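Chain letters run A, B, ... following the sequence lines, proteins first, then strands; residues in each count from 1. Keep in mind that what you see is a predicted model, and the values were worked out from it rather than measured.
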4 protein chains.
Amino acid sequence: MAAEALINKSGLEAVSIHRVAKQAKVATGTIYLYFKDKDELMAELHERNLRLFAEAFLADVNTAQSLQECHSRLWLNALHYHQENVNVQRLWVHLETLPKNARHKALIQELFKPVKLFFSRGVEQGCFKPLPGEMLYALAFGQILEICRFSQLREANFTKQDMDAALLASWDAITIHP
Amino acid sequence: MAAEALINKSGLEAVSIHRVAKQAKVATGTIYLYFKDKDELMAELHERNLRLFAEAFLADVNTAQSLQECHSRLWLNALHYHQENVNVQRLWVHLETLPKNARHKALIQELFKPVKLFFSRGVEQGCFKPLPGEMLYALAFGQILEICRFSQLREANFTKQDMDAALLASWDAITIHP
Amino acid sequence: MAAEALINKSGLEAVSIHRVAKQAKVATGTIYLYFKDKDELMAELHERNLRLFAEAFLADVNTAQSLQECHSRLWLNALHYHQENVNVQRLWVHLETLPKNARHKALIQELFKPVKLFFSRGVEQGCFKPLPGEMLYALAFGQILEICRFSQLREANFTKQDMDAALLASWDAITIHP
Amino acid sequence: MAAEALINKSGLEAVSIHRVAKQAKVATGTIYLYFKDKDELMAELHERNLRLFAEAFLADVNTAQSLQECHSRLWLNALHYHQENVNVQRLWVHLETLPKNARHKALIQELFKPVKLFFSRGVEQGCFKPLPGEMLYALAFGQILEICRFSQLREANFTKQDMDAALLASWDAITIHP
DNA sequence: TATGAATGAGAGTTCATTCAT
DNA sequence: GATGAATGAACTCTCATTCAT
């Protein structure tokens, strides 16, 4: 989508219908044949981003793998995605304030169902803490955005070892300890 | 500050100089007596927010307390702050893309120095994982924003027990395990 | 052009984008479809004025005419133009302070080439003083603006004879005397 | 006057009451104790400029000198003044469109009386063309602004000889030829 | 007299949206 | 379906002017 190129090039503020049309090499009015208004365009952009993230997040993850292997892949996938798509964060934060329609929530449910299953599997096996899936998600992956922010703002330069330790810490956070 | 009320009322987009002036019950031009331009207004708003957050975050925390007690208070302070100041997140993400000036970074360093000390104390005592302060920060508190997001979007209703477990998980994430 | 009408009606200060749009009976934004910004609008206005002046100045002047006939027509043309376009002077003075781009200077060179040729012809024939074209221009036509100013401000009412004498004086100024 | 410094520093557009007050190291309101409004301030600025110009114009000119000596001094005085006070031209053009009050006209009459006398003396002696003083003024000095404009815009570099010739041409313009 | 904070109209400019072609 | 000129409200910012102190 053309709007995406714009965001990555010049930031969220640069997204105007005019510029999106120019980038997509169509006329201004044409945009309105495909989207009711700018909000809808942004919502679909968000949906697209969610799909892309889900795809990247779940890449090479399957039920045949051990819990820890799954966790490790998910965590690293999320890390790499956010490291490479810095502007997406801003878009998310921006769009998440819009009134969520049911369709949207259903999509999220569907996209992240495998993650939910992964967590419930872990809980059933007595490996993960007995908590709701959303909470385990937050505990397991919530640090990633923060880590990326520190890296991006050059307030910290984390080493490979630091990252490995973070991955392990994420595992420590969700698993049961003696 | 009037701009704050607006953000909490109608979101970041609603912050126009006109509206800020109206909210503050002054004329448009008056704003420009106190701020060079909108960027400065937003930057000072950010600074103010940082201070307020730091204050709330560090409330009732002192070096006489045990590491775990400190951690517990910090975590709960952060949680409550974010639960009560939902829109602040969006402001932060917005403002963090602006070019950070040195003054800004210095402020952050200063405000969060006690947190840094807390982490280095824990590392020295062999209790926390030997990682940079920023990483421990991300591991200990990074889930909080995510937890709040889930709560706010009503995608999950966490119980008191869930929250306690999350606090413990945060502790698990940063401490060394046998 | 609508901006022109405004200048003639209410002076240079009255030229605001809003008013120009109103005069032209279009919306404000429409102006910006045709001009990048106000500077460009003013620059094109200036260019237009230069062309109109050059056209009026050179009307009915050709190389078949004697030097004195040429001079006489040029002088009267300039006089009539300035008498009928009083506000143009102000616009010129205003615009001449803007940084002149190369395109602008080239236009002036081109528009007034015939005048330059006229002066160099006169110099070659030993009739005009051997001076640069610009100087001869100033000597031959520089009084006209001043004459118009006096007339306009009603500080003097010149007769037809006065004007004829001024034309002759202009000729005296540039020609060689025994 | 403080406004003058501003004009010479940053041009006519930079003259705002705020800046004038700052330059003069008084409060904004203080300006309004001495001037009814901005128009009056500008009018007095104009008056001041007229006085300064008249003074410079008439420097070292007296009735004991020959007509040609007088003319020569006046012409050179005017030239030097305009060469050194480029911004004044713009101010004049700007202010001359304001409605001239009687006081203003009287001042001009008074300031330039010696020039008028000079011209009438020349006419009486049969040396100058029998024309109104204003016309002779235009013929004798009207080229100067044009010469300065060419010089300033670097469209021409006049030599000392060119200038001398221009002075002579001015004399030729106003005197009677056999 | 002198101050300077406050005013609010109006400047230039952008942009989501419409509609005749 | 597709166009893109036109719209006009809303934006940021400036400035002559006022008035309580």
Side-chain angles (χ1 to χ4, degrees), chain A residues 3 6 10 12-43, chain B residues 2-3 6 10 12-22 24-43, chain C residues 2-3 6 10 12-22 24-43, chain D residues 3 6 10 12-43:
Chain A
L6 270 178
S10 328
L12 190 56
E13 282 68 33
V15 178
S16 81
I17 295 290
H18 230 91
R19 276 195 274 263
V20 170
K22 206 159 134 196
Q23 177 88 20
K25 284 177 183 156
V26 297
T28 326
T30 309
I31 303 284
Y32 286 86
L33 296 176
Y34 298 98
F35 304 98
K36 192 171 109 325
D37 55 18
K38 201 191 181 188
D39 280 354
E40 193 177 296
L41 183 149
M42 296 306 267
Chain B
L6 269 179
S10 330
L12 190 56
E13 281 66 36
V15 180
S16 84
I17 296 289
H18 249 92
R19 272 197 278 264
V20 171
K22 204 160 145 193
K25 284 176 182 156
V26 296
T28 328
T30 308
I31 303 289
Y32 288 88
L33 295 176
Y34 299 98
F35 305 98
K36 196 171 81 30
D37 54 19
K38 201 189 178 186
D39 280 356
E40 194 177 293
L41 168 67
M42 296 307 267
Chain C
L6 269 179
S10 328
L12 190 56
E13 282 66 36
V15 179
S16 84
I17 295 290
H18 260 91
R19 273 197 277 264
V20 170
K22 205 161 145 193
K25 284 177 182 153
V26 297
T28 330
T30 308
I31 303 289
Y32 287 88
L33 295 176
Y34 300 98
F35 306 97
K36 195 170 83 31
D37 55 18
K38 201 190 179 187
D39 280 355
E40 194 177 292
L41 167 68
M42 296 307 268
Chain D
L6 271 178
S10 326
L12 190 56
E13 282 68 34
V15 179
S16 81
I17 295 290
H18 229 91
R19 276 196 274 262
V20 170
K22 205 159 136 196
Q23 177 88 20
K25 284 176 183 155
V26 296
T28 325
T30 309
I31 303 285
Y32 286 87
L33 296 176
Y34 298 97
F35 304 98
K36 193 171 108 325
D37 56 18
K38 201 191 180 189
D39 280 355
E40 193 176 297
L41 184 148
M42 295 306 268

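Using Watson-Crick or G-U wobble geometry with both donor-acceptor distances under 3.5 Å, E:dT21 finds its partner in F:dA2. In this structure F:dT14 sits in a base pair with E:dA9, meeting the Watson-Crick or G-U test at under 3.5 Å.
Atom pair A:Glu13:CD and F:dT12:P shows a separation of 13 Å (rounding to whole Å applied). Spacing between atom NZ of B:Lys22 and atom C1' of F:dC11 amounts to 15 Å, rounded to whole angstrom units. Following rounding to the nearest Å, B:Met42 (CE) and F:dC11 (P) show an atom-to-atom distance of 13 Å. To the nearest angstrom, P of F:dA16 lies 15 Å from CD of D:Glu40. We find that CD1 of D:Ile31 is positioned 18 Å from P of F:dC19, with the value rounded to whole Å. If you measure from atom NE2 of D:His18 to atom P of E:dT3, you get 13 Å, rounded to the nearest angstrom. The CG-P distance, from B:Asp37 to E:dG12, rounds to 20 Å in whole Å.
Checking E:dA16, F:dA16, E:dT13 against the side-chain heavy atoms of A:Ile17 singles out E:dA16 as nearest. Between E:dA16, F:dT7, E:dA2, one nucleotide has an atom nearer to the side chain of D:Tyr34 than all others, and that is E:dA2. Here F:dA2 is the nucleotide among F:dA2, E:dG12, E:dT7 with the atom lying nearest to any side-chain atom of A:Thr30. Of the candidate nucleotides F:dT3, F:dT14, F:dA16, F:dT14 has the atom lying nearest to any side-chain atom of B:Tyr32. Set against F:dC13, F:dA6, E:dG12, the side chain of C:Leu33 has F:dA6 as its closest nucleotide.
Between D:Glu13 and D:Arg19, the closest heavy-atom pair is O-NH2, 4.5 Å. Among all heavy-atom pairs drawn from C:Asp37 and C:Tyr32, the shortest one is CA-CE2, 4.0 Å. Taking every heavy atom of both residues into account, D:Lys38 and D:Val15 meet most closely at NZ-O, 2.9 Å.
Phosphate contact (OP1/OP2 of F:dG8, side-chain N/O of C:Thr28, threshold under 4.0 Å): absent. For the pair D:Arg19 and F:dT14, the criterion of a side-chain N or O lying under 4.0 Å from OP1 or OP2 is not met. The side chain of B:Ser16 contributes an N or O atom lying less than 4.0 Å from OP1 or OP2 of F:dC11.
Interatomic distance, C:Lys22 NZ to C:Thr28 OG1, rounded to the nearest 0.5 Å: 10.5 Å.
Side-chain contact between A:Asp39 and A:Phe35: absent, with no pair of heavy atoms (C-beta onward) separated by less than 4.5 Å.
Ranked by how close their nearest DNA chain E nucleotide is to the 5' end, C:Lys38 and B:Gly29 are led by B:Gly29.
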